[in-house]
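Structure first, then comments.
Order of listing sets the numbers, starting from 1, for every ligand and every atom in it.
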Amino acid sequence: MAASVGVVFFLLAAALAAAGSSEAALVEHTFVVSQMKMHHLCNDTLVTVVNGQLPGPAIEVTEGDSLVVHVINKSPSGLTIHWHGVKQLLNCWADGPGMITQCPIQPNKNFTYRFNVVGQEGTLWWHAHVGFLRATIHGALIIRPRSGPNSYPFPKPDKEIPIVIGEWWDVDLVHLENRVENRIYEDWPLSPTINGMLGDLSNCSGVIEDNYILNVERGKTYLLRIVHAAVHEEYNLKIAGHKFTVVAVDANYVKPYTTDTIVIASGETVDALVVADAPPGRYYMVAQAVQSPEPSPQIPILVSRGIVSYNPSKGSGDDDTPIVAPELPDQHDATPSFYFRGNLTSLLPQPVPLNVDEHILIAIDVGDICLYAGSPNCMVSKLNNISFELPTTTSLLQAHYYNNMSSSVNRLQELPRRPPVVEFGHSPTSKATVVRRVRHNATVEIVFQNPYSSDLISNTNPMHLHGHDFFILGQGLGRYDAVRDAQAYNLVDPPARSTALVPIYGWMAIRFVANNPGVWFLHCHMEKHVSSGMALALVVENGHTLETTLPPPPADYTSCDNQNSRVADE
Ligand code: C2O
């Protein structure tokens with residue numbers, strides 16, 4: 001077995017060398033995390049950032065490279081970094097979610113992440129994975145093909161541009177996390193941002209915020225590497241007078257799909273080509289938050305604009321050509337999202353496993369954590385009627401590796417395979433550290449079901465699984481029907497992703513092979529949702545061979561021994 005893998009590898013390496021491709025490299029970065037004052041909307045706000053940048057530095061690698069990132073924590077909070085979408089095969093220790101795979105790196109401490117980026121091409125990203133800190137600690141992770149840009153499965157772009165959608169919060173993010181843990185959900189960002197800029201719809205005392213400006217040359221093709229790094233709502237992204245051709249999502253190629261609106265949810269990435277084929281001028285690039293209708297809580301209107309400019313020589317600030325604005329969908333309209341996602345298919349046919357070992361139905365809902373009715377602040381999120389809580393004294397991965405999960409985790413519970421009652425809406429619930437164990441190489445199908453009646457709180461929930469990509473087999477509105485809906489699954493060319501958006505009032509079905517031993521967080525990527533319990537940990541057991549067994553932790557692993565671990569407890 002090992003010998004034949006070696007031969008295949010050798011042949012592959014020889015073929016790549018013949019094609020003129022480079023050898024795998026070691027890419028090294030140092031992330032110094034510290035606080036810095038930023039001035040927006042009349043206020044100085046202290047924000048925690050990497051290397052003094054917001055968004056943080058983009059990491060660029062070639063598929064197959066090894067990445068080494070030294071994190072030096074000069075901030076006052078414990079934190080971890082997660083490599084969102086990186087599969088981390090046999091390397092769960094480097095995945096990064098706080099208290100799931102490691103304890104936070106304490107202030108004035110360092111930790112080095114080491115991992116390989118293998119079998120993935122496109123755009124991923126990295127972010128802090130303790131509460132809300134990721135709102136300012138994030139950046140793109142760009143993975144180029146080993147055999148060069150001529151091997152993109154789409155016309156070679158003239159330029160590649162990361163577009164990071166974020167949000168500007170003028171509050172202390174650690175404090176914000178505490179508020180959500182105390183079930184106060186009223187805080188909102190002041191504005192979305194595009195590559196860190198709030199844009200000209202935001203102003204304070206007449207001082208207008210800067211727009212992100214993308215200078216283009218007529219006739220050229222741009223590959224936008226779009227990352228949704230904001231902590232909550234889905235965004236519609238439009239550029240007046242231009243179309244996008246989507247070529248990849250979550251670092252998986254898709255059949256080119258042309259649209260005037262990209263819909264992107266928290267955690268997701270989209271690679272899209274834009275041809276500068278409009279009459280020379282200036283065009284707004286608009287990111288608009290989509291919001292759930294009532295009875296879900298209503299957010300302020302969140303819109304940010306950048307500018308696509310054909311006149312770079314003029315200097316965009318003093319250019320007075322009128323800027324063309326796109327027409328935006330209604331912010332309560334979830335249909336563009338539903339159709340955008342329904343139109344994505346994998347570039348190539350996919351090896352979808354047909355025999356399912358584990359069928360899991362997960363009901364997403366809100367619950368009431370109080371013992372009696374009438375208490376204030378009782379609402380939590382829950383999956384199959386359990387609201388997830390992080391362990392407090394050990395990381396789940398460490399507990400799992402040393403085989404003492406049940407003794408070291410305070411309230412441990414196995415996620416039931418089905419919801420206890422198939423009824424929705426604010427019923428009493430409890431908290432626990434929820435895990436679901438699966439055998440190595442089991443084929444797992446999960447159907448996520450949102451509340452489907454319009455008098456209940458329902459959201460589009462972006463469910464993100466660490467350590468695996470999955471196939472998105474189908475989505476639908478209303479209540480999932482195992483017989484009817486499974487017949488309509490796409491088993492031929494479903495898109496592979498690491499985030500699945502469960503449509504509002506509907507369901508979403510995913511399937512994957514649990515081939516990566518370890519403890520993998522599975523959670524809604526909306527921060528208020530994960531912090532209030534919409535999560536579980538998937539425990540993938542070891543296989544029977546050394547190559548299917550999780551190796552021991554790295555020597556400098558941040559275990560929780562002798563440290564006051566949780567940020568929220570500080
Ligand atoms: Cu970007 Cu656990 O997530």
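One of the N, O or S atoms belonging to His127 lies under 2.8 Å away from atom 1 (Cu) of ligand 1. Atom 2 (Cu) of ligand 1 lies at 2.8 Å or more from every N, O or S atom belonging to His464.
With a 6.0 Å radius and a threshold of 12 heavy atoms from other residues, nucleotides or ligands, His70 has its NE2 atom above the threshold.
Minimum-distance N/O/S atom of His525 relative to atom 1 (Cu) of ligand 1: NE2. Nearest to atom 1 (Cu) of ligand 1, among the N, O or S atoms that His84 has, is ND1.
In this structure, the side chain of Glu233 does not engage the main chain of Leu302 through any donor-acceptor pair within 3.5 Å.
Between His84 and His525, the ring center distance clears the sub-6.0 Å criterion. The ring of Phe31 has its center no closer than 6.0 angstrom to the ring center of Tyr113. Checked against a 6.0 Å centroid threshold, the rings of His529 and His523 do not count as neighbours.
Atom 2 (Cu) of ligand 1 lies at the vertex of an angle of 120° between the NE2 atom of His523 and the NE2 atom of His129 (rounded to 10°).
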